[in-house]
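Below you'll find the structure, written out as structure tokens, and then a few comments.
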Number of protein chains: 2
Amino acid sequence: MVKSETREPVTRERAIRVAVALADVGGIEPLSMRKLAAELGIEAMSLYYHVKSKDDILDGMLDVVYSEFSTPHAGDERRSAMRDRAESTRNVLAQHPWAISIKARNSPGLATLGHLDSVIGCLRAAGFSMPLTGHAMSILDSYVQGFAQQEASLPLDPSGDIGAATEDIMAQQDQMAQAFPNLADMAVKPDPAAGLRLRQRVRLRTEAHPRRHRSSAGRRWQSP
Amino acid sequence: MVKSETREPVTRERAIRVAVALADVGGIEPLSMRKLAAELGIEAMSLYYHVKSKDDILDGMLDVVYSEFSTPHAGDERRSAMRDRAESTRNVLAQHPWAISIKARNSPGLATLGHLDSVIGCLRAAGFSMPLTGHAMSILDSYVQGFAQQEASLPLDPSGDIGAATEDIMAQQDQMAQAFPNLADMAVKPDPAAGLRLRQRVRLRTEAHPRRHRSSAGRRWQSP
DNA sequence: TGTTCGACCTTACACCGTATGGTCAGCTCA
DNA sequence: TGAGCTGACCATACGGTGTAAGGTCGAACA
């Protein structure tokens, strides 16, 4: 379609970079081989020349994310290095929220391995035994990852979504306030700085399925 | 196909229960509307009489999981209640690992709301302010969830998988030991009790794509 | 000048969620 | 008794998915 001198050459690295960019914009579910190929200016099956499978791309994308984490250097002070790492993890995952949902795979890339290696090296250099290093990493990573996941599940960008969405639940608020008084209490006066923002957590996803093609009086999933 | 008196009646609740059972056995990716319907003895489209969409089923499944968490009762002591909750969360999520990957949705069910309500009630009864309650829940949930996620990403059942899978990486171990000395060190002498088991983390997923249909000498994704 | 080969394409398949519109037994009510 | 309604289910179809199998073609090389 476009002359080869005009089009930037396709490589595994570029495909993965473009995939990351697409996922950043539109999320990871709508990212398909066909759309990625189109973005690269080729056909879907041509991707398989550069890449094993879609999972291979996802692994590569995760490795890109790992490469953006702040990695401790030799001689870094332990506490500040771990703090930098945690903060950068939070920031990077906020920029690539899709990474959290694909984090449970098992084929780490070079950046991932390098990052973990550096972290282990930093802790060991600080005098930690190997078991203690494992424990420290488990504790830190569990919390940071879990926090990032909580944060990602909230609609952080204030795109007018919150006000409209809460109206749905407000209609039933009387019943809800009776059934879940503590929850209602927290939803009414939330702490703006708290990690949990229950009012947003509770919003219903009604706009995803706005209407049915026929009178739905009998449908089980309609509220009576 | 089967007489209606023979077949257990299909309801939203039963569909979700069966979906949970299927996901427990085979994971959540292969769970499709057609397979679930077949398991229930009906056709795929008949599910939509009882259920809004597949997302509706996933929401219901998550609510089932929440209903299995240990929920604090009125008057429970704060520390032990939170500890029970954390431990049961770990155990329940170990039994339903798929729940972790769909945890970032936004249409909570009654069990979810009830559970959160009870937790808030317990902390408030212990004298926590509302902001402090939010903070406490954020901290606890972040860690417990992150830990469960780490744990789920490891192949916990010793189905002979570990030994075979590590052979792949052992072949390249010399190069890896040089590039990532700390990682290799931890992989060689891991702590059996540590949360991170790097040796297993590092295994390659080669068996997923065992061979190609043609000589793959030129493929970019083959190691040179 | 013929052969190889890297990079790409076409076609096809099985599967997915679900929109649309039946079908039909059993019930209500005139 | 018979007409109409309705709850529960089914058949077909559409546009999407990942990817197996094999074809095409220009450039590089013998």
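Reminder, nothing fancy here: chain letters follow the sequence lines and each chain counts from 1.
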Return the polar atom pairs (N/O with N/O) between nucleotides 12-16 of chain C and the protein under 3.5 Å, or none.
| from | atom 1 | to | atom 2 | distance (Å) |
| --- | --- | --- | --- | --- |
| C/dC16 | OP1 | B/Ser32 | OG | 3.0 |

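With sequence neighbours excluded, the residues forming a side chain to side chain contact (heavy atoms under 4.5 Å, CB included) with A/Ala136 are A/Leu123, A/Phe128, listed by chain and number. A/Arg90 meets the salt bridge (Lys or Arg N to Asp or Glu O under 4.0 Å) test with A/Glu151; sequence neighbours excluded. Under the side chain to side chain donor-acceptor pair (under 3.5 Å) criterion, B/Ser70 pairs with no residue at all, not counting sequence neighbours.
If you measure from atom CG of A/Asp56 to atom P of D/dT19, you get 10 Å, rounded to the nearest angstrom. If you measure from atom CD of B/Glu43 to atom P of C/dT23, you get 17 Å, rounded to the nearest angstrom. The nearest whole Å value for the distance from the CD1 atom in A/Ile42 to the C1' atom in D/dT24 is 16 Å. Atom-to-atom, CG of B/Leu47 to P of D/dC9 comes out at 10 Å; the value is rounded to the nearest Å. Across the protein-nucleic acid pair, B/Tyr48 atom OH and D/dT12 atom C1' stand 15 Å apart, rounded to whole Å. Between B/Leu58 atom CG and C/dG17 atom C1' the separation is 12 Å, expressed in whole Å.
Between D/dG7 and B/His50, no contact under 4.0 Å exists linking OP1 or OP2 to a side-chain N or O. Residue A/Ser46 has no polar side-chain atom (N or O) positioned under 4.0 Å from OP1 or OP2 of C/dA7. Contact annotation: A/Tyr49 does not reach the phosphate of C/dC8 (side-chain N/O to OP1 or OP2, under 4.0 Å).
Taking the six-membered ring where the residue is Trp, B/Tyr66 and B/Phe69 present perpendicular rings, their angle passing 60° and hence far from 30°.
Legend: side-chain hydrogen bond (donor to acceptor under 3.5 Å, both in side chains) pairs involving residues 17-31 of chain A, not counting sequence neighbours, sorted by first then second residue: A/Asp24-A/His96, A/Asp24-A/Trp98.
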Let me have the donor-acceptor pairs involving side chains of residues 114-121 of chain B, under 3.5 Å, with sequence neighbours excluded, atom names and distances please.
| from | atom 1 | to | atom 2 | distance (Å) |
| --- | --- | --- | --- | --- |
| B/His115 | ND1 | B/Thr71 | OG1 | 3.0 |
| B/His115 | NE2 | B/Arg85 | NH1 | 2.9 |
| B/Asp117 | OD1 | A/Asn182 | N | 2.9 |
| B/Asp117 | OD1 | A/Leu183 | N | 2.8 |
| B/Asp117 | OD2 | A/Asn182 | ND2 | 3.4 |
| B/Ser118 | OG | B/Gly114 | O | 3.1 |

